[in-house]
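So that the names make sense, note that chain A is the first sequence line, chain B the second, and so on, each numbered from 1. All values derive from a computational prediction rather than experimental measurement.
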2 protein chains.
Amino acid sequence: MAKSDAATPRERYRAQVRAEIKQHAWEQIATAGASALSLNAIARRMGVSGPALYRYFAGRDELITELIGDAYRSLADAVHAAAVTGADPAALAHVLRDWALADPHRYFLIYGTPVPGYHAPDEITGISQEIMADLLTAWTAYEPDVPASPFAAHLADHRDWAGGHPAPPGALRRALAFWTRLHGVLSLELAGHFTGMGFDPALLFRAELDDLVGRED
Amino acid sequence: MAKSDAATPRERYRAQVRAEIKQHAWEQIATAGASALSLNAIARRMGVSGPALYRYFAGRDELITELIGDAYRSLADAVHAAAVTGADPAALAHVLRDWALADPHRYFLIYGTPVPGYHAPDEITGISQEIMADLLTAWTAYEPDVPASPFAAHLADHRDWAGGHPAPPGALRRALAFWTRLHGVLSLELAGHFTGMGFDPALLFRAELDDLVGRED
DNA sequence: GAGGCTCCGTGATATCTTCTAACGGAAATT
DNA sequence: AATTTCCGTTAGAAGATATCACGGAGCCTC
């Protein structure tokens, strides 16, 4: 979507084709997951023949890498859009949940089983820090004075991941728990581990969230 | 390992070859993950030619399904071995963590990104309930009287997953949080999402565990 | 113990995948 | 208008799953 107004017509055409490839890739991922992503199938659906796609992506890995980046970007944008309106942690939690439920495969592309050889480029680390920054800001505003704890002190001493954010130790601890606990519930729910167990996953999510924000669970 | 003393020599040989195939499969999974599992590669390493393996497994999916079952069985055995010695929830947590760290790919085989077409057979559901039963027993013994909460009440009304276990509502809630929170930390750690963040994942795991068992975090 | 049955492993084959290489043509640049 | 650049094609290598028909070895029955 970005930089569709490139300098030369060549670059514009190239960007358009790349976008079309990625769109077909997303449809395929949403249908059968990332492991079933096939360059040949995309080419077939686009009406071109296989190797044509290699003019736009070096290979399957590069395409997936770019899709992972787009997924991160999408999540960061969703979180940030809510954060700039002054959303509290509970609101951000529901943004996260809605984003995950909208396309589970996209969520697993980010937080699922890591691809064997894949290593996240620096760009991903940056986006990840953007998300964390919004969480830290929300937690700092929501609960300025969290009682100190040994682990919070450890986090205060190892706050590289906060990227210079001035969040107090308690907010570091809360933001981290927010991430890991909600991911725990979401990933198990999306993977279907709760199906047949009887209870309502939405209520479990809500209960974990309520526990985080200090209400009754 | 089980039923290696079969009736006929044929069945014994068959079981042995199946075990050997699975062993090579585990080595391959531990090296490059489940997605890189190749029947051809296994056959090559065993000194037989490709289609020979189809006498023992209907296909790649059946082999993976069986490996998932073995992984579940391994985890359930590890948990149960500790549970029968009267281990408290904290001890079970470290059993879980040790089991996960011993072979991350095996952990992801169970709790990672679900395979597109795969649906867990009833046997898996049973093993899953075994694990949950040990958790429920440990939590019931450790903390008999957990204050009631709305979500605990919901769990008490929807306790199919407990499989008739007489755990009180509070233990249901605790066991579920134990599962989702520790999985949240473990899966993110094993997937490498904490690398480069600076803090010690072991301390985060410990902090989450301490929070579960009611100590300072 | 000999015949027959069952099952195992093989090679050949079909179809799928990613990915490289060489060729022809169209489009943009000069 | 000529040249250069880039795009899409076909052909092909290497490897994957999976099926099939065949020959042979082992087991079971008579």
Looking at [options], which one has an atom nearest to any side-chain atom of [X]?
X: B/Ser49; options: C/dG11, C/dT20, D/dT19; answer: C/dG11
X: B/Thr8; options: D/dC28, D/dT9, D/dC20; answer: D/dC28
X: B/Ala52; options: C/dT10, D/dA11, D/dT5; answer: C/dT10
X: B/Pro51; options: D/dT9, D/dT19, C/dT18; answer: D/dT19

Could you give the [atom1]-to-[atom2] distance, from [X] to [N], as a whole number of Å?
X: B/Leu53; N: D/dC20; atom1: CG; atom2: P; answer: 18 Å
X: B/Phe57; N: D/dT17; atom1: CZ; atom2: P; answer: 14 Å
X: A/Tyr13; N: C/dA27; atom1: OH; atom2: C1'; answer: 11 Å
X: A/Leu37; N: C/dC19; atom1: CG; atom2: P; answer: 11 Å
X: B/Gln28; N: D/dA16; atom1: CD; atom2: C1'; answer: 12 Å
X: A/Leu63; N: C/dT18; atom1: CG; atom2: P; answer: 10 Å
X: B/Ile64; N: D/dT17; atom1: CD1; atom2: C1'; answer: 12 Å
X: B/Arg14; N: C/dT6; atom1: CZ; atom2: P; answer: 15 Å

Hey, can you pull the residues of residues 38-45 of chain A with a non-hydrogen atom under 4.0 angstrom from DNA chain C?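 A/Ser38, A/Leu39, A/Asn40, A/Arg44, in order of number.
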Quick check: on DNA chain D, is the nucleotide nearest B/Arg55 upstream (toward 5') of the one nearest B/Arg10, or the reverse? Name the residue that is more 5'.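 Between the two, 5'-proximity favours B/Arg55.
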If you compare every side-chain N and O of B/Tyr54 against the phosphate oxygens of C/dT10 (OP1, OP2), does one of them come in below 4.0 Å?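 For C/dT10, OP1/OP2 do not have a side-chain N/O of B/Tyr54 under 4.0 Å.
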Could you tell me the separation between the CZ atom of B/Phe178 and the CZ atom of B/Arg174, rounded to the nearest 0.5 Å?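 Rounded to the nearest 0.5 Å, the CZ-CZ separation comes out at 12.5 Å.
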For atom CD of A/Glu123, decide whether the heavy atoms of other residues, nucleotides or ligands shown that lie under 6.0 angstrom number more than 12.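 Open.
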Charged N to carboxylate O under 4.0 angstrom, A/Arg181 versus B/Asp211?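 Salt bridge: yes.
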How far apart are the C-alpha atoms of A/His154 and B/Phe199, what are their side-chain angles, what is the distance that settles it, and do they pass the side chain to side chain contact (heavy atoms under 4.5 Å, CB included) test? CA-CA 7 Å; A/His154 171 78; B/Phe199 65 85; 3.7 Å; yes
Just checking A/Arg60: base, sugar-phosphate only, or nothing, at a heavy-atom cut-off of under 4.0 Å?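 Sugar-phosphate contact only - A/Arg60 comes under 4.0 Å of backbone atoms but never of a base.
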Categorize B/Tyr56 for me: base, sugar-phosphate, or nothing, with a 4.0 angstrom heavy-atom threshold over every strand shown.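 B/Tyr56: backbone/sugar contact only, no base atoms under 4.0 Å.
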Taking the six-membered ring for Trp, are A/His193 and B/Tyr111 ring centroids under 6.0 Å apart?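 Yes - the distance between ring centres of A/His193 and B/Tyr111 falls below the 6.0 Å cut-off.
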For side chain to side chain contact (heavy atoms under 4.5 Å, CB included), just list the numbers for B/Arg106 and B/Leu75, CA-CA rounded to whole Å, side-chain angles, deciding distance to a tenth of an Å, and then say yes or no. CA-CA 10 Å; B/Arg106 185 179 52 177; B/Leu75 175 57; over 6 Å; no
For salt bridge (Lys or Arg N to Asp or Glu O under 4.0 Å), just list the numbers for B/Arg73 and B/Glu66, CA-CA rounded to whole Å, side-chain angles, deciding distance to a tenth of an Å, and then say yes or no. CA-CA 10 Å; B/Arg73 182 76 270 152; B/Glu66 199 134 334; over 6 Å; no
